[in-house]
Each structure stands twice: as structure tokens, then as C-alpha cells.
Amino acid sequence: MPEQKKIVIIHGPNLNMLGKREPGVYGTTTLNEINGMLERQASEQGLQVETFQSNHEGALVDKIQEAAGVCSGMIINPAAYTHTSVAIKDALLLLDIPVIEVHISNVYKREPFRHVSLMSDVVTGKIVGLGPHGYQLALDALVKMIYK
Ligand code: DQA
């Protein structure tokens, strides 16, 4: 049997607080619920999935580096680091797999500093403002790219 392809889903700072964190902006779905949904969706597609959340920039960089040569695709919501982290951008540049950037809220309807993403010119594509459903669409897109 061929080895199962693996996808990694990386969540940045404060996303562990989903459900409690600014529900008017991010909704009431928890991170566990989002991860569970994605795990089910991935297994239906015969994919292995790893989910990872950290509040620490270096830990996120380590996880991105680990994916090189191991994973077939990545979904990343770098959260606040989207707008500031050259280190995360540089780590993403190491990868030659499809990477989808996801934001739960529509960052373009929010403060101007959120309109800037240091990641957007290095990722394959990006989904913003669709709530947790954005992750499901990102996974769907990755499946199509991986099995094309
Ligand atoms: C976010 C948007 C970021 O601006 C913010 O810092 C987050 C979450 C989103 O998913 O909408 O933490 O990435």
C-alpha cells in the first residue's frame, strides 16, 4: 500500500482561545472543534493530518522547518504574526509544497495593520473572512492539488 500523504495545519498565537476570544469577530467554534473537523475531512480523503498551535514565533518556525520533505501540503493561520514575522515568511520559503494561508475574520474590514500580510507573496493561495469553513475549503483545495 502506498504511504499516506501528510498535511500539517499550523495555528498561530491566541488561536488556542477560539470560542472565548472576541466571539463577535471569530465566532464560537473552538480550535479543538476546527481540528476535529479537519481530521475527519482529511481521513475521508485518505490523508494523514497533524495539527499544531503555538503562541511562540520560534516554535512555529520549527514546525514549518519540520514539514520540509515530510509533508505534502500545509494550511497556516499565522494569526498576529501574519503582519510582522519575517522569520515565519523565511521558513515558508524553504518549502516546495502547496501552502494555504487562512484567516477566520475578514482582515480587510479591520484595522489597516491587518491588511498587510508578509506571507501572501510566498503562499500558494489564501482564504479570508469565511470563519472556520475557510479551513475546510483550504483542505479541499490542497487535496485537489496533491492528487492532481
Ligand atoms: C487572524 C487575523 C489576525 O489579524 C489576528 O491577529 C488573529 C487571527 C484571523 O484568523 O482572522 O489572531 O489571523
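The first residue of the sequence shown is numbered 1, and numbering continues consecutively from there. Whatever order the structure lists ligands and atoms in, that order sets their numbers, starting from 1.
Between Arg114 and Lys109 the shortest side-chain heavy-atom distance does not fall below 4.5 Å. Contact annotation: the side chain of Asp121 approaches that of Lys89 to within less than 4.5 Å [non-hydrogen atoms, C-beta and beyond].
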Contacts table for ligand 1: protein N or O within a distance under 3.5 Å of ligand N or O, distances only.
unit_1: ligand 1; atom_1: 4 (O); unit_2: His83; atom_2: NE2; d: 2.7
unit_1: ligand 1; atom_1: 4 (O); unit_2: Arg114; atom_2: NH1; d: 2.8
unit_1: ligand 1; atom_1: 6 (O); unit_2: Ala80; atom_2: N; d: 3.2
unit_1: ligand 1; atom_1: 6 (O); unit_2: Arg114; atom_2: NH1; d: 3.1
unit_1: ligand 1; atom_1: 10 (O); unit_2: Asn77; atom_2: ND2; d: 2.8
unit_1: ligand 1; atom_1: 10 (O); unit_2: Ile104; atom_2: N; d: 2.7
unit_1: ligand 1; atom_1: 11 (O); unit_2: Ile104; atom_2: N; d: 3.2
unit_1: ligand 1; atom_1: 11 (O); unit_2: Ser105; atom_2: N; d: 2.9
unit_1: ligand 1; atom_1: 11 (O); unit_2: Ser105; atom_2: OG; d: 2.6
unit_1: ligand 1; atom_1: 12 (O); unit_2: Arg21; atom_2: NH1; d: 3.1
unit_1: ligand 1; atom_1: 12 (O); unit_2: Arg21; atom_2: NH2; d: 2.9
unit_1: ligand 1; atom_1: 13 (O); unit_2: Asn77; atom_2: OD1; d: 2.9
unit_1: ligand 1; atom_1: 13 (O); unit_2: His103; atom_2: ND1; d: 2.8

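Taking the six-membered ring wherever Trp is involved, the centroid distance between the rings of His56 and Tyr81 does not fall below 6.0 Å.
In terms of modelled atom types and a separation under 3.5 Å, the side chain of His83 and the main chain of Ser117 share no donor-acceptor contact.
Heavy-atom neighbours of Asp96 CG from other residues, nucleotides or ligands within 6.0 Å: at or below the threshold of 12.
Residue Val107 is found in a hydrophobic cluster whose other members, listed by chain and number, are Tyr108, Val128; membership requires side-chain heavy atoms under 4.5 Å apart, directly or through intermediates.
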